[in-house]
Amino acid sequence: KTLGGYGTGCIAGQSAKWQYVRKIKIHNDKIYLAGQREGNIKVIDLNGKCIRHWYAPGFVVNATQFADKQRNFYQSPIAVTVDNNYVYATKKSDYKIGCNRRCWLPANTAIIWAFNHSGGLVRTNTFSNGTSRQAHMFYDLSINDAGTKMVAVDWHGNMRNIFNIGSGGYLSTSYSFNQGNSLWNMGSSSANGKFASPSGVDYDSNDNIYVADTGNSRIQKFNSSFSYQAKTGSFSRTAPFGYVHGLGIDDNDNIYGMDYYNGVVRKYDANLNLLSTIGDGYATRLSAAKKVIKKIVSDTNLTSGANFGLMEWGFYWDPYLKLRVPVSINGAKTIYTNVDGVKAYGGTYLYQALVKAKDYYLGSNSPIIKGATCQQNFIIVISDGEWQNHSGVKSIANELNKTHGIKTFAVGFALNGNFASNYSDLAKAGGTVTPLYAENESELLQKLKDAIKQAISGTLTFTTPAIMSDVS
């Protein structure tokens, strides 16, 4: 089931919502959420109903003053873990004023609060990382089944700690190791047993420790003394992991790691053998778009009247932004196989993509045929969300249309969010007036085929693309 949704507040008995939760823990069929944006800890049931919530110490609710807002940023809970006695949470690293020139330095202490289950603060545990110029905050916490040990990992310094859990929420350090030695040297390493920005940690029933080694795109296994045992994973866009962000362990000692870039959860046994992959991944919409593009470039009704090219966009640097296939008479044939190489890397830099398209159209290798009186040139932008620098996007689209006669179709595919105005603006600036929207593969294919057919036949009026599937 799906719980929650974007929003704020937690009224007992009503469905809870949240804005930005980095870590959760489940204990006695209750879900505990560290609300980094809202500055609170929420407790909800397995149906998503709010049980209670409380704010982090020092967090100013409904802050209006700049100083309070800044303070809130460093008082919000990052991670949470739970046992039968207490709820523990850690907060974001403070920054302090230092140097003779009043420069900002990161605090070298980390805090773990201990609350009772009603939300009352019982103890504030403070720990140093041993260096005065390094940020320090525990990014994830976990308690062993016996309730005697807590393990913590630090994103900034690649630090790892084991604490003895005493009475009254008191934590004493039994093991600590810090790879970093300064703000600029986090000590990241790909060696066995070393980390590069760990984001998750958990115990199995035998007190083995598993760490989501995010920067190295792997899960590492340690014994109860934090001695290295095994690892699995390396960076990949098709296999584990495209960065592993966070992990959890069930009652059968199965390990679950979130494969961030690939948008799936990987399930392993205690020996780190892959058992299954859960979810369809972020590539679902991209896979559908690829299928549609393949059908379009293999449709002779379309390719006989138009030359095609293909650009990949997302981030604005190579290899994420590039002209994959130049527009040519053989472009459609090349696109059919080349489109398989497009990856869902992320990034929303449409402005830079349109600038690159403009440079291509106006450059020495332009596909525009000089002297041809009946040709039309189009850019078809397919996206599933918003993009950066919207004003710049409109400006470039308008220039391409008004100055160079190159029109832009704005195609919103299975939009995730309320960004329709962006597409309307782009279509108007690009000279096609009305955007195209599709919720699934078949709709996307039909909308694109109709628009391309009308463009080829010259019947597109650009007041609204009409359904004219009989146009050939």
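Please read these numbers as outputs of a predicted model, since none were measured by experiment.
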**Asked** Distance-only, no hydrogens or angles: does the Asn47 side chain make a donor-acceptor pair with backbone N or O of Lys49 under 3.5 Å?
**Response** no
**Prompt:** Going by the angle between their ring planes, with limits at 30° and 60°, are Phe235 and Tyr261 parallel, tilted or perpendicular?
**Reply:** perpendicular
**Message:** With heavy-atom distances below 4.5 Å as the criterion, would you say the side chains of Val411 and Leu448 are in contact?
**Reply:** yes
**Message:** For Val80 and Val87: C-alpha separation, side-chain torsions, deciding distance, then whether side-chain contact (heavy atoms from CB on, under 4.5 Å) applies.
**Reply:** CA-CA 7 Å; Val80 63; Val87 179; 3.7 Å; yes
**Prompt:** Is there a side-chain contact between Ile379 and Ile406, using heavy atoms and a 4.5 Å cut-off?
**Reply:** yes
**Message:** Using the rule given for side-chain hydrogen bond (donor to acceptor under 3.5 Å, both in side chains), can you reason through Lys231 versus Asn192, listing the C-alpha separation, both sets of side-chain angles and the distance that settles it, and then say yes or no?
**Reply:** CA-CA 8 Å; Lys231 66 181 179 181; Asn192 292 342; 2.9 Å; yes
**Request:** Considering non-hydrogen atoms only, spot the tightest contact between Pro198 and Trp155 and give its length.
**Result:** O-CE3, 3.5 Å
**Complete:** Those residues at least two apart in sequence (or on a different chain) that pass ring pair (Phe, Tyr, Trp, His ring centres under 6.0 Å) with Phe59 are Tyr55
**Prompt:** How are the rings of Phe315 and Tyr320 set relative to one another: parallel (under 30°), tilted (30 to 60°) or perpendicular (over 60°)?
**Reply:** perpendicular
**Request:** Grab the two heavy atoms, one from Ile296 and one from Leu445, that are nearest each other, plus how far apart they are.
**Result:** CG1-CD1, 4.0 Å
**Message:** I'd like to check the ring pair (Phe, Tyr, Trp, His ring centres under 6.0 Å) partners of Phe195; sequence neighbours left out, ordered by chain and number.
**Reply:** Phe222
**Request:** Grab the two heavy atoms, one from Asn377 and one from Gln375, that are nearest each other, plus how far apart they are.
**Result:** ND2-OE1, 3.8 Å
**Prompt:** Side-chain contact, heavy-atom cut-off 4.5 Å: Tyr6 with Gln19?
**Reply:** yes
**Request:** Please determine, by modelled atom types, if Lys194 and Asn158 share a side-chain donor-acceptor pair under 3.5 angstrom.
**Result:** no
**Request:** Show your working on side-chain contact (heavy atoms from CB on, under 4.5 Å) between Thr277 and Lys267 and close with a plain yes or no.
**Result:** CA-CA 6 Å; Thr277 297; Lys267 179 180 179 181; over 6 Å; no
**Complete:** Contacts of Tyr437 meeting ring pair (Phe, Tyr, Trp, His ring centres under 6.0 Å) (sequence neighbours excluded), chain-then-number -> none
**Request:** Test side-chain contact (heavy atoms from CB on, under 4.5 Å) on Val211 and Ile209 and set out the steps.
**Result:** CA-CA 7 Å; Val211 176; Ile209 298 168; 4.1 Å; yes
**Message:** Taking atom NZ as the centre, does Lys322 end up with more than 12 heavy-atom neighbours from other residues, nucleotides or ligands that are less than 6.0 angstrom away?
**Reply:** yes
**Prompt:** For Asp250, which residues count as a side chain to side chain contact (heavy atoms under 4.5 Å, CB included) partner, sequence neighbours excluded?
**Reply:** Asn252, Asn254, Tyr256
**Fill in**
Given the options Leu426, Ile380, Ile452, Ile382, Phe409 meets side chain to side chain contact (heavy atoms under 4.5 Å, CB included) only with Ile380
**Asked** Can you tell me if Arg266 and Tyr268 form a side-chain donor-acceptor pair at under 3.5 Å?
**Response** no
**Asked** Do side-chain atoms of Asp259 reach the backbone of Phe241 as a donor and acceptor pair under 3.5 angstrom?
**Response** no
Which atom pairs, donor and acceptor, lie under 3.5 Å between side-chain atoms of residues 387-396 and protein residues at least two apart or in another chain?
| from | atom 1 | to | atom 2 | distance (Å) |
| --- | --- | --- | --- | --- |
| Trp387 | NE1 | His390 | ND1 | 3.0 |
| Gln388 | NE2 | Thr348 | OG1 | 3.4 |
| Asn389 | OD1 | Ser391 | OG | 3.4 |
| Asn389 | OD1 | Gly392 | N | 3.0 |
| His390 | NE2 | Asp425 | OD2 | 2.9 |

**Request:** Would you tell me whether Ser383 and Tyr423 have side-chain atoms, one donor and one acceptor, within less than 3.5 Å of each other?
**Result:** yes
**Under 3.5 Å donor-acceptor, Lys42 side chain and Tyr32 backbone** = no
**Prompt:** So Leu286 and Phe413, side-chain contact (heavy atoms from CB on, under 4.5 Å) or not? Walk me through it.
**Reply:** CA-CA 10 Å; Leu286 179 60; Phe413 181 39; over 6 Å; no
**Request:** Ignoring hydrogens and angles, state whether a donor on the side chain of Asn330 or Ser328 is under 3.5 Å from an acceptor on the partner side chain.
**Result:** no
**Request:** Answer with yes or no whether the side chains of Glu386 and Asn422 bring together a donor and an acceptor at under 3.5 Å.
**Result:** no
**Asp450-Gln454 side chain donor-acceptor pair, cut-off 3.5 Å** = no
**Prompt:** What distance separates Ile26 CD1 from Ile31 CD1, expressed to the nearest 0.5 Å?
**Reply:** 5.0 Å
**Request:** Just do the salt bridge (charged side-chain N to carboxylate O under 4.0 Å, His left out) check on Glu441 and Lys295 with the steps written out, would you?
**Result:** CA-CA 11 Å; Glu441 181 180 329; Lys295 290 177 180 178; 3.5 Å; yes
**Residues in salt bridge (Lys or Arg N to Asp or Glu O under 4.0 Å) contact with Lys290, at least two apart in sequence or another chain** = none
**Partner residues of Tyr336 under the side chain to side chain contact (heavy atoms under 4.5 Å, CB included) criterion, sequence neighbours left out** = Lys294, Val297, Ser298
**Complete:** Separation between CD1 (Ile78) and CZ (Phe138), nearest 0.5 Å, reads 13.0 Å
**Item:** Pairing residues for Asp140 by the salt bridge (Lys or Arg N to Asp or Glu O under 4.0 Å) criterion, not counting sequence neighbours
**Value:** Lys25
**Shortest non-hydrogen contact between Tyr139 and Lys23, atoms and distance** = O-CE, 3.4 Å
**Message:** Using the ring pair (Phe, Tyr, Trp, His ring centres under 6.0 Å) criterion, which residues pair with Tyr210? Sequence neighbours excluded.
**Reply:** none
**Message:** Donor-acceptor check, side chain of Ser217 to backbone of Ser234, threshold 3.5 angstrom: yes or no?
**Reply:** no
**Prompt:** So, are Lys30 and Asp45 salt-bridged, with charged N and O less than 4.0 Å apart?
**Reply:** no
**Request:** Would you please say whether a donor-acceptor pair under 3.5 Å links the side chains of Asn216 and Ser190?
**Result:** no
**Asked** How far apart are the closest heavy atoms of Ala410 and Thr432, and which atoms are they?
**Response** N-OG1, 4.5 Å
**Request:** Please round to the nearest 0.5 Å and tell me the distance separating atom CG of Leu33 and atom SG of Cys50.
**Result:** 9.5 Å
**Asked** Which pair of heavy atoms, one from Ile456 and one from Ala306, lies closest together, and at what distance?
**Response** CD1-CB, 3.9 Å
**Message:** Tell me which one of Val342, Ile335, Asn338 satisfies side chain to side chain contact (heavy atoms under 4.5 Å, CB included) with Ile293.
**Reply:** Ile335
**Message:** Listing request: all side-chain hydrogen bond (donor to acceptor under 3.5 Å, both in side chains) pairs with a residue in residues 356-366, at least two apart in sequence or in separate chains.
**Reply:** Lys358-Glu399
**Item:** salt bridge (Lys or Arg N to Asp or Glu O under 4.0 Å) partners of Arg37, counting only residues at least two apart
**Value:** none
**Stepwise salt bridge (charged side-chain N to carboxylate O under 4.0 Å, His left out) check, Asp154 with Arg160** = CA-CA 6 Å; Asp154 180 338; Arg160 78 284 303 269; over 6 Å; no
**Fill in**
Asp251 meets the salt bridge (Lys or Arg N to Asp or Glu O under 4.0 Å) criterion, sequence neighbours left out, with none
